[in-house]
Amino acid sequence: MFEEEQEPDFEIFSALLFNALKAITFMFFISFAMINPAAEEGKIDPKAEMIITVNWPDNNPDDVDTYVMDPAGNIVWYNQRESGLMHLERDDRGMFKDVILLNNEEISNPLNQETVAFRGLQDGEYIVNIVHYIANGAAPLPVEVKVEKLNPSVEVIFYQTLELRGTGDEVTAVRFTLAGGEVENVTNIPRSLVEQTRSGGKGPGSGPGGNDQGGQIDAATGQVIDQ
C-alpha cells in the first residue's frame, strides 16, 4: 500500500497566515465602513490673506475697538463686522460678558483680543485704527497691533505697542498700500475712521489720538522716521 503523502509544514503555515490576513482585512474594512463621515454642517473655511490682531492687557476692563478701512472705502468695526472682503472675527469688550464655557461651567476669559481677517486683497491703501471706547482708569493703556500678510508666506507688515489715553481716544496705528501683492508706503499719518462711520463720507480726516505727528514708518523698528 502507498503511504499518504504529508504536506510540508511551511505550506500549512502559509495557508494559516493567508487566512489570518484575510480575516484581519475583512475586520478592518467593516470597522472603516462603520466610521461616520465628518459633518459638513458648521464647517469654517480658514482661508485668509491677511490678519490684523489687536491685544491689550489680560483682565483689563477697558473696551478697545478696531477700525479698518480698505481701498474701496469699506470700514469694518463693531457695528459693521463684515464689509467688503474684511471680517471682524470678534468684538472684545474688555471683561464685559467675557466668559467661556468649560465643562458646562462659565468661567471668566482673561484674554483681550480683537482680530480682523481679510478673505481677499485689492490694490490700494488700507488704514488700521484703534479706539479707546471705554476707559476705566486714568493711566495710559498699552495696545499691541500686529498686521500680517499670510500668502504666499507669512510677512509681518507692522507690529508695535501703542498707547490709548482715555475714552474716545483714536489712534491711527498704521497705513499701508498694496500694489500687485507688494506692501508699499507704510506710514501712521492720522486719519479718523470714527468720523467716517458717523458721517458716512470717505473724505480725509484726522484723529484725536496720540499719533499727532505721523509719517513714514521704519519696517524694521516700527518707529516713525524723522523727516
Checking side-chain contact (heavy atoms from CB on, under 4.5 Å) for the pair Ile130/Leu164: CA distance, chi angles, key distance, verdict?
-> CA-CA 8 Å; Ile130 52 174; Leu164 293 175; 4.0 Å; yes

Check against side-chain contact (heavy atoms from CB on, under 4.5 Å), Val174 and Thr187 | CA-CA 6 Å; Val174 64; Thr187 75; over 6 Å; no

Give the C-alpha distance, both sets of side-chain angles, the deciding distance and a yes or no for side-chain contact (heavy atoms from CB on, under 4.5 Å) between Val131 and Asp169.
-> CA-CA 6 Å; Val131 178; Asp169 193 21; over 6 Å; no

Take Leu111 and Asp58, measure what side-chain contact (heavy atoms from CB on, under 4.5 Å) needs, and give me the verdict at the end.
-> CA-CA 5 Å; Leu111 180 65; Asp58 291 354; 3.9 Å; yes

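Other residues, nucleotides and ligands contribute more than 12 heavy atoms inside 6.0 Å of the CZ atom of Phe176.
In this structure, Asn74 and Ser83 approach most closely via the heavy-atom pair CB-OG, 3.1 Å.
The pair Glu125-Arg175 meets the salt-bridge criterion, with a side-chain N (NZ, NE, NH1 or NH2) lying under 4.0 Å from an Asp/Glu carboxylate O.
Here OG1 of Thr53 is found 10.0 Å from CD of Glu89. Values are rounded to the nearest 0.5 Å. Atoms CG and CG, on Asn112 and Asn55 in that order, are 8.5 Å from each other to the nearest 0.5 Å. To the nearest 0.5 angstrom, Thr167 atom OG1 is 10.0 Å from Tyr133 atom OH. Between His132 atom NE2 and Trp56 atom CH2 the span is 9.0 Å, to the nearest 0.5 Å. With rounding to the nearest 0.5 angstrom, the CZ atom of Arg119 is 13.0 Å from the CE atom of Met50. Atom CG of Leu88 sits about 11.0 Å away from atom CG of Asn79, to the nearest 0.5 Å.
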Donor-acceptor pairs under 3.5 angstrom involving side-chain atoms of residues 134-156: please list them, not counting sequence neighbours.
| unit_1 | atom_1 | unit_2 | atom_2 | d |
| --- | --- | --- | --- | --- |
| Asn136 | ND2 | Pro61 | O | 3.3 |
| Asn136 | ND2 | Asp62 | OD1 | 3.1 |
| Glu144 | OE1 | Tyr159 | OH | 3.4 |
| Lys149 | NZ | Asn151 | O | 2.7 |
| Lys149 | NZ | Gly181 | O | 3.3 |
| Asn151 | ND2 | Ala48 | O | 3.3 |
| Asn151 | ND2 | Glu49 | OE1 | 3.0 |
| Asn151 | ND2 | Glu49 | OE2 | 3.4 |

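For the pair Pro71 and Gln122, the minimum side-chain heavy-atom distance is below 4.5 Å. Between Val171 and Asn129 there is no side-chain heavy-atom pair separated by less than 4.5 Å. Residues Leu193 and Ile127 form a side-chain contact, since some pair of their non-hydrogen atoms from C-beta on lies under 4.5 Å apart.
Under the 4.5 Å side-chain contact rule for hydrophobic residues, Tyr67 and Ile51 do not share a cluster. One hydrophobic cluster, built from ILVMFWY side chains closer than 4.5 Å, holds both Val183 and Ile52. Linking Ile, Leu, Val, Met, Phe, Trp and Tyr whenever their side-chain heavy atoms come within less than 4.5 Å leaves Leu85 and Val76 in two separate clusters.
By the 30° and 60° cut-offs, the orientation of the rings of Tyr126 relative to Phe118 is perpendicular.
Asn188 and Thr172 form no side-chain donor-acceptor contact under 3.5 Å, judged by distance and modelled atom types alone. At a cut-off of 3.5 Å, with distance as the only test, a side-chain donor of Ser192 or Glu170 sits close to an acceptor on the other residue. The closest side-chain donor-acceptor pair between Thr177 and Glu184, if any, does not fall under 3.5 angstrom.
For Glu82, there are no salt bridge (charged side-chain N to carboxylate O under 4.0 Å, His left out) partners, not counting sequence neighbours.
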